[in-house]
Amino acid sequence: MSDINEQYNHARSLIKAKQFAEAQEVLQQVMTSKPSYKSARYYAGRAAFALKDYEQAGQLFAGFVRQKPTPKANSECLFLFSALGDS
């Protein structure tokens with residue numbers, strides 16, 4: 001899979017299928033190839049959260065919010081940040 005968009009879409013389908021570790025690998029490739037691909041960081045955070053890697057999830061979500069500082073981005077991560085505080 002060479003196209004970044006194809007890799008990203010494949011990773012999202014892996015997340016939907018609950019194949020979080022595989023999705024993380026693909027999203028890492030996307031983020032390495034194109035660091036400005038903002039949504040990749042968000043979905044990598046979701047995968048890390050599902051795998052109970054809360055430290056990594058927090059870093060990824062914080063990076064997503066820094067890259068996309070909008071009310072919508074902030075609200076998308078608010079619940080997950082809250083859950084991280086409880087762990």
Side-chain angles (χ1 to χ4, degrees):
M1 225 177 291
S2 60
D3 180 62
I4 294 293
N5 290 327
E6 285 179 28
Q7 287 180 305
Y8 171 76
N9 289 328
H10 177 62
R12 286 191 61 192
S13 63
L14 288 169
I15 287 173
K16 287 179 185 176
K18 300 186 186 310
Q19 297 176 352
F20 301 112
E22 294 88 346
Q24 267 189 323
E25 290 177 23
V26 174
L27 288 164
Q28 186 59 49
Q29 293 171 8
V30 171
M31 291 184 295
T32 299
S33 298
K34 189 174 180 185
S36 62
Y37 211 123
K38 298 173 183 118
S39 296
R41 195 168 302 279
Y42 171 75
Y43 284 102
R46 283 185 56 184
F49 188 86
L51 293 168
K52 299 183 183 196
D53 186 349
Y54 301 124
E55 184 176 335
Q56 179 69 14
Q59 291 172 2
L60 288 162
F61 288 136
F64 170 72
V65 171
R66 277 193 302 275
Q67 278 186 307
K68 191 174 180 178
T70 63
K72 184 177 181 198
N74 292 338
S75 66
E76 288 174 352
C77 293
L78 180 62
F79 171 76
L80 296 169
F81 276 127
S82 298
L84 289 173
D86 293 338
S87 59

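Positions are given from 1, in the same order as the sequence printed here.
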Closest heavy-atom pair and its distance - [X], [Y]:
X   : Y   : result
G45 : A57 : O-CB, 3.6 Å
Q7  : V26 : O-CG1, 3.2 Å
R41 : G63 : CD-C, 3.3 Å
L27 : A44 : CD1-N, 3.4 Å
A11 : A23 : O-CB, 3.6 Å

Non-neighbouring partners of Y37 that pass ring pair (Phe, Tyr, Trp, His ring centres under 6.0 Å), sequence neighbours left out: Y8

Measure the NE2-CG distance between H10 and D3 for me, rounded to the nearest 0.5 Å. 13.0 Å

Can you measure from CZ (F64) to OH (Y43) and round to the nearest 0.5 angstrom? 8.5 Å

Would a 4.5 Å heavy-atom cut-off, applied to side chains only, mark L60 and M31 as touching? yes

Applying side chain to side chain contact (heavy atoms under 4.5 Å, CB included) to Q19 and not counting sequence neighbours gives L14, A17, E22

Scan Q56, Q24, R46 and name whichever one has a side chain to side chain contact (heavy atoms under 4.5 Å, CB included) with L51. Q24

Could you list the residues that satisfy side chain to side chain donor-acceptor pair (under 3.5 Å) with T32, not counting sequence neighbours? Q28

